[in-house]
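Below is one structure; the comments refer to it alone.
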Amino acid sequence: MKSYRLLASLLALAALAGFAGCGGPETAEGGSSDQLVITGNDQMQFSPTEFTVEAGSEVTLIFRNVGRMPKESMGHNLAILEQGANVSAFARAAQGHADNEYIAPDLEDQVIAATKVLGPGEEETLTFTAPSEAGDFPFVCSFPGHTSAGMVGTMQVE
Ligand SMILES: [Cu+2]
């Protein structure tokens, strides 16, 4: 009887472990909708250039610089801006602010979330709450010249 009970609890444990084992990948899969990876490369390209989040949700976004060029000449950041922000004005204002990760202090109120400037092979995880209203929100790399070279994208809030 005793050993039966032991067996039963072992089975229960195994079932639990099995369940957790299944739950892990499922969670990771389910999380792919709100855990995003965006890359930046030496060709000044974001990939992807669009992603979608649910309004008001907690977003985890990994930004990775997959390039090889030095940070001083080809660093990248990722700054998500408020809806309607003037992207080129934001990028222009950023140019003199290497000491602030190329974010103009005056315009920080337009930033929903931003990484530091990353060098080759570096990544940073951003966590933020998505805006509560639906719409398109621009994101940019504000390293000098990169926004105008096309390092821009859109966060769609649904
Ligand atoms: Cu860049």
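First listed ligand is number 1; within each ligand, the first listed atom is number 1.
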For the pair D42 (side chain) and R68 (backbone), establish whether a donor and an acceptor sit closer than 3.5 Å, ignoring hydrogens and angles.
yes
Specify the closest pair of heavy atoms between E82 and D109, including all atoms of both residues, with the distance to one decimal.
CG-O, 4.0 Å
Tell me how many protein N, O or S atoms are within a distance shorter than 2.8 Å of the Cu ion (ligand 1).
4
Hey, which of V66, N41, V37, T39 is the one that makes side-chain contact (heavy atoms from CB on, under 4.5 Å) with S47?
T39
K71 atom NZ: more than 12 heavy-atom contacts under 6.0 Å:
yes
Taking every non-hydrogen atom, the tightest pair across A93 and A104
O-CB, 3.6 Å
Closest heavy-atom pair, P48 versus F139, reported as atoms and distance to 0.1 Å, is O-CZ, 3.9 Å
